[in-house]
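Quick notes on the structure that follows.
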Amino acid sequence: MKSMVGKDPQTPPESVLLQQWQETIPLLTTAATEGQAPGVNADEDWTNTITTLSEAGLTEVGAEPTKYWDSSFTAGKE
């Protein structure tokens with residue numbers, strides 16, 4: 001947090017930044033990525049997201065997750 005304080009005149013105090021980060025951490029995992037590092041992706045989550053976006057007309061129907069992300073950068077994946 002200290003590295004962020006004072007970088008922008010609108011940056012909130014360090015205590016607020018810390019609270020914001022602590023409240024964000026739970027949003028960085030899903031049932032499919034529970035117990036893994038924050039931000040790890042899962043095919044299942046991408047499939048659900050693509051379905052939601054295609055139902056809203058924002059992406060093509062039935063697109064494969066690999067069109068949007070590359071799992072080869074995920075630790076433990078070949």
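Values reported hereafter were calculated over all heavy atoms of this structure, with side chains retained and with hydrogens, waters and symmetry mates removed.
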Using the test salt bridge (charged side-chain N to carboxylate O under 4.0 Å, His left out), find all partners of E60 that sit at least two apart in sequence or belong to another chain. K67
May I ask you to list the residues sharing a hydrophobic cluster with L58, side-chain cutoff 4.5 Å, ordered by chain and number? L53
Distance (rounded to the nearest 0.5 Å) between I25 CD1 and Q20 CD: 12.5 Å
Which atom pair, heavy atoms only, marks the closest approach of A42 to W69? C-CZ2, 4.0 Å
Between atom CD of E64 and atom CG of D43, what is the distance when rounded to the nearest 0.5 Å? 8.5 Å
Contact between W21 and V16 at the side-chain level, heavy atoms closer than 4.5 Å - yes or no? no
Can you pull the salt bridge (charged side-chain N to carboxylate O under 4.0 Å, His left out) pairs that have at least one residue in residues 16-38, sequence neighbours excluded? none
Got a sec, which residues hit side-chain hydrogen bond (donor to acceptor under 3.5 Å, both in side chains) with T33, two or more places apart in sequence or on another chain? T30
Hits for side chain to side chain contact (heavy atoms under 4.5 Å, CB included) against S54, two or more places apart or cross-chain, chain-then-number order -> T59, V61
Pick one: which of T51, N41, T66 meets side-chain hydrogen bond (donor to acceptor under 3.5 Å, both in side chains) with W46? N41
